[in-house]
K.L.:
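One structure, as structure tokens, below. Some questions next.
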2 protein chains.
Amino acid sequence: MNRISDATITRLSRYYRSLVHLETQGQEMVSSKELAKRHKVTPAQVRKDLSCFGQFGTRGLGYSVCQLKETIAHILGLHRIWKVALVGAGSLGSALISYKEFKRQGFHIVAVFDNDPHKVGKKRRGLTISDITKLPKIVKELDINLAVVAVPTTAAQSVVDILVKAGLKMILNFAPETLKTPPGVTIRNVNMAIELEALSYRLVASEMSRLDGKPKLSSI
Amino acid sequence: MNRISDATITRLSRYYRSLVHLETQGQEMVSSKELAKRHKVTPAQVRKDLSCFGQFGTRGLGYSVCQLKETIAHILGLHRIWKVALVGAGSLGSALISYKEFKRQGFHIVAVFDNDPHKVGKKRRGLTISDITKLPKIVKELDINLAVVAVPTTAAQSVVDILVKAGLKMILNFAPETLKTPPGVTIRNVNMAIELEALSYRLVASEMSRLDGKPKLSSI
DNA sequence: ATCTGGTTGTGAAAGAGTTCACAAGCCCGA
DNA sequence: TCGGGCTTGTGAACTCTTTCACAACCAGAT
């Protein structure tokens, strides 16, 4: 139980959303069975995930929806506001600024950066785009906790270097490349193209197996 | 070796990007060691991943950059054009339309759908937004293979139902909710908020352990 | 008080995924 | 032709994650 896996944390996030939903429905208790069904996992998985952090249920009854929701919010740090710096004011960056789910969960984008002189000074939904060189100063001033990188692949590594130098420890990266970070800095990657490629692989594989009954191709 | 794991496929996608890069640099051979270093995995991992599909290397020398690149492209289905339907013409959807990486890897968004009468008929980068009710017909006509769902959470499930009914088997979902699909339909989720929550959890956990030396919180 | 049906929490078993370790193989120079 | 240096491919060991299985427990009916 030493280190909790990313998989567990991700599932907690999902459970949390179900709990919010169930609460609005007025449901008071929920069992691991019900929660499991909503998320395509086993009830044991749900219980194990929760047991990493303590005992929150009542045998015979299940979990209190409201209480479990609050507990998970605390675990995930959703009860507080996180200040987020966004780097990259292209179309993806702009979409992230107006992405409601971020704000709903307490992630407030409070600064936007770009290196394009045409964009610097312009506004995006009320936020003025700053030059990337101002980042260290602004991160300090606003006490920013997290960074989101939405720049082209070629620029991603140098942006991350800047973020690390500015003292940021948590980075969400949208560029489809593995980036170098010193120990102590956590980077998570969101890879939209790579996700599509995983689907495309399955599509190819299923066509293969449909054609010749063999799910595996050894030589191409 | 029966079923290849998602993790392996995802790594192949990453290796592929390195290979493309190395090829432009004029490098002819690459070892599992070098590839591993670029992706923060072990050399054994790289070799195992590749060995799922055959033997592509030369002992003592490594892998031919160009040949391995082509091989992975075939495995992932990147040597062909996939037609993609995008549902949701909000800011995220619009960003996806202009996301270069999709087109670069052979994923062409050929149709855009929305249910908002104000948007239907309008254009996004040359693509006319169609009403969601036209989806089944257009999917057939254009022979679309994949769907990307970029609609608000509340609409996601009904959109997926429509996609499934239209015969699509592969769906990439951006809504932060676990969606129901019948067997035979594969859905992959990209969860930007959930990724941030994982970072936020680590931030909370690291603060905890810094304060009292205990990485675990049992009661809140 | 006792029984019944239902649910949690958790050690143990099973299953996946990763790393190790080494034989087998290639290239090059002597 | 042989030896040294290097790298692949892969069974076996290991580690991490998930599932199983069951004691412990709760509520409400009898």
Side-chain angles (χ1 to χ4, degrees), chain A residues 1-15 18-19 22 27-65 67-68 71-72 75 178 198 201 215-219, chain B residues 1-15 18-19 22 27-65 67-69 71-72 75 178 198 215-219:
Chain A
M1 203 203 291
N2 245 350
R3 157 135 183 155
I4 285 120
S5 76
D6 279 346
T8 293
I9 297 302
T10 304
R11 281 191 299 268
L12 286 186
S13 282
R14 295 181 196 281
Y15 303 157
S18 278
L19 292 165
L22 289 172
Q27 187 170 329
E28 300 211 348
M29 300 297 289
V30 65
S31 65
S32 60
K33 195 172 158 191
E34 182 177 358
L35 225 34
K37 200 171 157 197
R38 289 177 169 267
H39 296 280
K40 298 180 188 166
V41 296
T42 61
Q45 180 78 79
V46 174
R47 298 199 296 273
K48 257 273 150 64
D49 286 339
L50 296 175
S51 78
C52 293
F53 299 94
Q55 306 187 178
F56 311 115
T58 312
R59 291 165 198 233
L61 288 183
Y63 303 87
S64 150
V65 170
Q67 211 172 294
L68 188 58
T71 302
I72 295 181
I75 292 170
T178 309
Y201 164 72
K216 168 171 171 295
L217 72 165
S218 242
S219 58
Chain B
M1 204 203 290
N2 246 350
R3 155 133 184 157
I4 285 122
S5 76
D6 279 347
T8 293
I9 297 303
T10 303
R11 281 192 299 268
L12 285 187
S13 282
R14 293 181 196 281
Y15 303 156
S18 279
L19 292 165
L22 288 173
Q27 188 170 330
E28 299 210 346
M29 300 298 289
V30 65
S31 65
S32 61
K33 194 172 158 191
E34 182 178 357
L35 225 34
K37 200 171 157 197
R38 288 176 171 270
H39 296 280
K40 298 179 188 168
V41 295
T42 61
Q45 180 77 80
V46 174
R47 297 199 296 273
K48 255 276 150 62
D49 286 339
L50 297 174
S51 78
C52 294
F53 299 94
Q55 308 187 177
F56 310 116
T58 313
R59 291 166 195 231
L61 288 182
Y63 303 88
S64 149
V65 169
Q67 211 172 294
L68 187 58
K69 191 202 74 174
T71 302
I72 294 181
I75 292 170
T178 309
K216 169 171 171 296
L217 73 165
S218 241
S219 59

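Lettering follows sequence order; numbering is per chain, from 1.
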K.L.:
So, is B:S5 near the phosphate of C:dA16, with a side-chain N or O under 4.0 Å from OP1 or OP2?
P.N.:
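Result: no.
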K.L.:
Ignoring backbone atoms, establish whether A:R11 has a side-chain N or O less than 4.0 Å from OP1 or OP2 of D:dT18.
P.N.:
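For D:dT18, OP1 or OP2 has a side-chain N or O of A:R11 closer than 4.0 Å.
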K.L.:
With DNA chain C as reference, determine whether A:Y63 or B:D49 sits nearer its 5' end, using the nearest nucleotide of each.
P.N.:
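Of the two residues, A:Y63 wins.
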K.L.:
Please give me the minimum heavy-atom distance between B:A198 and A:I9, naming the atom from each residue.
P.N.:
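In this case the closest contact between B:A198 and A:I9 is CA-CG2, 3.8 Å.
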K.L.:
In whole angstrom, what separates A:Q55's CD from D:dA23's C1'?
P.N.:
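Interatomic distance, CD of A:Q55 to C1' of D:dA23: 14 Å.
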K.L.:
Do A:R59 and C:dT7 share a donor-acceptor pair, side chain to base, under 3.5 Å?
P.N.:
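Check fails, no donor-acceptor contact within cut-off.
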K.L.:
To the nearest Å, how far apart are B:I4 CD1 and C:dA16 P?
P.N.:
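Rounded to whole Å, this separation is 14 Å.
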K.L.:
State, yes or no, whether a side-chain contact exists between B:Y63 and B:L50 at a heavy-atom distance under 4.5 Å.
P.N.:
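The answer is yes; the side chains approach within 4.5 Å.
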K.L.:
Would you say that more than 12 heavy atoms from the other residues, nucleotides or ligands in this model lie under 6.0 Å from the CD of B:Q27, or not?
P.N.:
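Enclosed: over 12 neighbouring heavy atoms sit under 6.0 Å from CD of B:Q27.
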K.L.:
Restricting to non-hydrogen atoms, name the atom on B:L12 and the atom on B:I72 that form the minimum distance, rounded to 0.1 Å.
P.N.:
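Here B:L12 and B:I72 meet closest at O-CG2, 3.7 Å.
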K.L.:
When you measure from the side chain of B:T58, which nucleotide among D:dA21, C:dC26, D:dT18 comes out closest?
P.N.:
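Nearest nucleotide to the side chain: C:dC26.
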K.L.:
Is the distance from OP1 or OP2 of C:dG9 to the nearest side-chain N or O of A:R47 less than 4.0 Å?
P.N.:
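The answer is no; no side-chain N or O of A:R47 sits under 4.0 Å from OP1 or OP2.
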K.L.:
Does B:Q45 make a side-chain N or O approach to OP1 or OP2 of C:dC20 shorter than 4.0 Å?
P.N.:
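So the side-chain polar atoms of B:Q45 never come under 4.0 Å of the phosphate oxygens OP1 or OP2 of C:dC20.
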K.L.:
Does D:dG9 have OP1 or OP2 under 4.0 Å away from a side-chain N or O of B:S51?
P.N.:
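B:S51 to D:dG9 OP1/OP2: no side-chain N or O under 4.0 Å.
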K.L.:
Is there a side-chain polar atom (N or O) of A:T42 under 4.0 Å from OP1 or OP2 of D:dT19?
P.N.:
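Result: yes.
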K.L.:
Please compare A:V41 and B:K33 by the position of their nearest nucleotide in DNA chain D and report the one closer to 5'.
P.N.:
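Between the two, 5'-proximity favours B:K33.
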K.L.:
Just how far, in rounded Å, is P of D:dC26 from CD of A:E28?
P.N.:
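Atom CD in A:E28 sits about 19 Å away from atom P in D:dC26.
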K.L.:
Just the rounded figure in Å: distance from P of D:dA21 to NZ of A:K48.
P.N.:
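Checked: the NZ to P distance equals 14 Å.
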K.L.:
Which part of the nucleic acid does B:T8 contact within heavy-atom distance under 4.0 Å: base, sugar-phosphate only, or nothing?
P.N.:
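It contacts nothing in the nucleic acid.
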K.L.:
Rounded to the nearest Å, what distance is computed from the CZ atom of residue A:F53 to the C1' atom of nucleotide C:dT10?
P.N.:
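In whole Å, C:dT10 C1' lies 16 Å from A:F53 CZ.
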K.L.:
Rounded to the nearest Å, what distance is computed from the CD atom of residue A:E34 to the P atom of nucleotide C:dG6?
P.N.:
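So the two atoms are 15 Å apart, to the nearest Å.
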K.L.:
CZ of A:F56 versus C1' of D:dC25: gap in Å, rounded?
P.N.:
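Rounded to whole Å, this separation is 18 Å.
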K.L.:
Of all heavy-atom pairs between A:R47 and A:S32, which one has the smallest distance, and what is that distance?
P.N.:
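For A:R47 versus A:S32, the nearest heavy atoms are NH1-OG, 3.0 Å.
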K.L.:
Quickly work out the A:L68 CG to C:dG9 C1' distance and round it to whole Å.
P.N.:
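It is 14 Å, rounded to the nearest whole Å.
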